[in-house]
Amino acid sequence: MTHSFALSLTRRDFFARATTLASGLIVLPQFFGVQAQQQTAPPLKGELVKEFVIAGHNNLERVKEMLTQEPGLLNATWDWKAGDFETALGGAGHMGRKDIANYLLSQGARMDIFVAAMLGKLEIVKAMLAAFPNLLHSKGPHGITLLAHANAGKEEAAAVVEYLNSLAG
């Protein structure tokens, strides 16, 4: 015995089911804890970003204050022109400001090889250079070399300086 099922939807049934399905698609993400994409916030004001990046070079208290007022500054970059982009963390990196760098990292800032070198994180530097050997010749903010960042880390980065010198030489 063969059964044949015919699906016949009236226009009214179609729209009723489509509406039910659409409302389910709106509710399901919330049910599963997924936030619907919200409108993006407007861009940060350039002068605010510039001030934060400058503070990242030498003013931990100002960095904390500004980040409390505007958390979006954490990974904001300032364009000094000609492809010279810098974050507050990048500024701390070439200035040897471990206190500022560690604070920003504790807040979720994006680590890079230059800051890792300054902080003396030899295993991170080695792993990154093993994966991407040309990073040895990469330049950080203001064209500052990886070795110069490591030197800014003073005695805590001495092993990174030694390692980088061994590769150069």
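Values below: every heavy atom of this structure, side chains too, minus hydrogens, waters and symmetry copies. We're numbering straight along the sequence, starting at 1.
Between Ala152 and Gly93, the shortest heavy-atom contact is CB-O, 4.1 Å. Closest approach of Leu74 and Gly108 over heavy atoms only: CD2-C, 3.5 Å. The minimum heavy-atom distance linking Ala150 with Leu164 is given by the pair CB-CD1, 3.9 Å. The minimum heavy-atom distance between Trp78 and Gly46, with the atom names listed, is CZ3-O, 3.1 Å. For the pair His142 and Asp84, the tightest heavy-atom approach, listed with the atom from each and the gap, is N-OD1, 2.7 Å. The two residues Leu146 and Ala117 come nearest to each other via the heavy atoms CD1-CB, 3.7 Å.
Remark: Glu65 engages Arg62 in a side-chain hydrogen bond (donor to acceptor under 3.5 Å, both in side chains) (not counting sequence neighbours).
Checking each of Asn151, Val125, Leu147, Asn165 against Val160 for a side-chain contact (heavy atoms from CB on, under 4.5 Å) leaves exactly one that passes, namely Val125.
Cluster annotation: Met95 and Val53 are assigned to distinct hydrophobic clusters (Ile/Leu/Val/Met/Phe/Trp/Tyr, side-chain heavy-atom contacts under 4.5 Å, transitive). Leu104 and Leu44 fall within a single hydrophobic cluster, where Ile, Leu, Val, Met, Phe, Trp and Tyr side chains are chained together by heavy-atom contacts under 4.5 Å. A single hydrophobic cluster is seen to contain both Leu105 and Leu60, as judged by linkage of ILVMFWY side chains at heavy-atom distances under 4.5 Å, directly or through other members. Hydrophobic clustering of Ile, Leu, Val, Met, Phe, Trp and Tyr side chains at less than 4.5 Å, counting indirect connections, unites Leu89 with Trp80.
A heavy-atom distance below 4.5 Å is not found between the side chains of Ile144 and Lys139. Side-chain contact between His137 and Leu135: absent, with no pair of heavy atoms (C-beta onward) separated by less than 4.5 Å. The closest side-chain heavy-atom distance from Ile124 to Ile113 is not below 4.5 Å. Residues Leu73 and Val63 fail the side-chain proximity criterion, which asks for heavy atoms closer than 4.5 Å. Contact check for Lys126 versus Lys121: no side-chain heavy atoms found under the 4.5 Å cut-off. For the pair Leu48 and Met66, the minimum side-chain heavy-atom distance is below 4.5 Å.
One finds the CD atom of Glu86 at 3.5 Å from the NE2 atom of His57 (value rounded to the nearest 0.5 Å). The OG1 atom of Thr77 sits 14.0 Å away from the NZ atom of Lys50 when rounded to the nearest 0.5 Å. If you take CG on Leu119 and CE on Met111, they are separated by 5.5 Å, rounding to the nearest 0.5 Å.
A donor-acceptor pair under 3.5 Å links the side-chain atoms of Asn75 to the main chain of Arg110, judged by distance alone.
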Inset, instruction - Check the pair Met118, Glu156 against side chain to side chain contact (heavy atoms under 4.5 Å, CB included), reporting the backbone distance first and the verdict last. - result: CA-CA 8 Å; Met118 183 274 292; Glu156 289 149 355; over 6 Å; no

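Residue Lys98 qualifies as enclosed at atom NZ: its count of foreign heavy atoms under 6.0 Å is above 12.
Among residue pairs with one or both ends in residues 96-133, those qualifying as ring pair (Phe, Tyr, Trp, His ring centres under 6.0 Å) are Phe114-His149; sequence neighbours excluded.
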